[in-house]
Amino acid sequence: MEELICLGIESTAHTFGVGVATEGGRILANVKNVYVPPKGGIHPREAAQHHASVAGKTVREALKAAKLSPKDLDLISFARGPGLGPTLRTGATAARALAIWLQKPIVGVNHCIAHIEIGRMTTGAVDPVTLYVSGGNSQVIAFDAGRYRVFGETLDIPVGNCLDVFARELGLPHPGGPKIEQLAKEGKNYIPLPYVVKGMDMSFSGMLTEAIRKYRSGANPRDLCLSLQETAFASLVEVTERALAHTEKKEVMLTGGVAANSRLREMLKLMADEHDAKFFVPPSEYCQDCGAMIAWTGILAFKHGAGQKVEDTGVIQRWRTDQVDIPWRS
Ligand code: AMP
Ligand code: MG
């Protein structure tokens, strides 16, 4: 029997990604085109127009990289949510067109779960507590009783968005996270900022407002970048630690765009070490939004009975991680 081959499309936000994965866990292609706003943050409709304009070309590039022709594909998957409505619909439209043209099954997958699955596949982590931190999400997730449960999450803005907005205040271009990390390295003094953990959830908007206020009153921007990172990351590590203690799992995984941050990695690894838990970070290509994670999760889901009629592939903008059954792990 030949392996299933799936082409997956990611389009929840700024990235239009096309990946090709096999049933055996080989990634044959992972091509992306990222929308960079000319100024300010991401405008959903402009991002969607970008995605529409690169969709055909990105699919062709992925097939070329995988050395496949369209007829070699067995399955089409796409990120059905959560994400921005216009960009999600653009990716879904491309996926439907391919599925109809090739007469192949189509399956919509959850973007957050795809981050975890590509992370498990590429690191060898089996059952981690996952901290998923990006421009659009901040969640602490662990598998329990058939689903990925959200143990803690942001009550307001995602941590990546918080860093991006503060960077904009400093006049730095999008995305701000990497620039904040550089400036933080030159910071010397910790300036107290509101630290908010409520129950198992984090909140970053009060901290952001206060950092902006202090900047406008003349505080050193490098010190503020350091303080923003220390405060935000400490709350993420606290919630991850409590989830780890509660679940008694033995692995911690960090993923999402903010996983690139070396200070966050260091803090989380220190915590994992103290609990004798192994610490994993997927290769950066797979921490970021990408088509490969959608293709791989599409295979997992399809092999366990998932798959939609094309007319049932409407996107779900606010699709929660814990609303999805995970039969491949039950
Ligand atoms: P994603 O939404 O997963 O594509 O991730 C993008 C987010 O990751 C943006 O908010 C970036 O600012 C953030 N990011 C990328 N690199 C870093 C870094 N080195 N430190 C902090 N945040 C980062
Ligand atoms: Mg993401």
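Sequence positions, counted from 1, serve as the residue numbers for this chain. Both counts, for ligands and for their atoms, begin at 1 and track the order of listing.
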Could you grab the protein N, O or S atoms closer than 2.8 Å to the Mg ion (ligand 2) for me? His111 NE2, His115 NE2, Tyr132 OH, Asp289 OD1
Assess the side chains of Thr313 and Arg80: does a donor N or O sit below 3.5 Å from an acceptor N or O? no
Pairs in or reaching into residues 9-46: which pass ring-ring contact (aromatic ring centres under 6.0 Å, His included), with residues at least two apart or in two chains? Phe16-His51, Tyr35-His50
Please confirm whether the backbone N or O of Lys188 pairs with a side-chain atom of Asp223, one donor and one acceptor, at under 3.5 Å? yes
Do the side-chain N and O atoms of Thr247 and Lys249 include a donor-acceptor pair separated by under 3.5 angstrom? no
Going by salt bridge (charged side-chain N to carboxylate O under 4.0 Å, His left out), name the pairs with one or both residues in residues 312-330, residues two or more places apart or in two chains. Asp127-Arg329, Arg147-Asp325, Glu153-Arg320, Arg320-Asp322
His115 and Asn137: side chain to side chain donor-acceptor pair (under 3.5 Å), yes or no, with the steps? CA-CA 11 Å; His115 270 292; Asn137 295 281; over 6 Å; no
Do the side chain of Arg26 and the main chain of Ala21 share a donor and acceptor less than 3.5 angstrom apart? no
Without hydrogens or angle criteria, can the side chains of Gln139 and Thr321 be said to hold a donor-acceptor pair below 3.5 Å? yes
Report each N/O pair between ligand 1 and the protein that falls under 3.5 Å, naming both atoms.
unit_1	atom_1	unit_2	atom_2	d
ligand 1	2 (O)	Gly135	N	2.9
ligand 1	3 (O)	Gly257	N	3.0
ligand 1	4 (O)	His14	NE2	2.9
ligand 1	10 (O)	Gly160	O	3.2
ligand 1	10 (O)	Asp164	OD1	3.3
ligand 1	10 (O)	Asp164	OD2	2.7
ligand 1	12 (O)	Asp164	OD1	2.6
ligand 1	12 (O)	Gly177	N	2.9
ligand 1	19 (N)	Glu181	OE1	2.7
ligand 1	20 (N)	Asn261	ND2	3.0

Will you find, in the side chains of Thr297 and Glu117, an N or O donor that is under 3.5 Å from an N or O acceptor? no
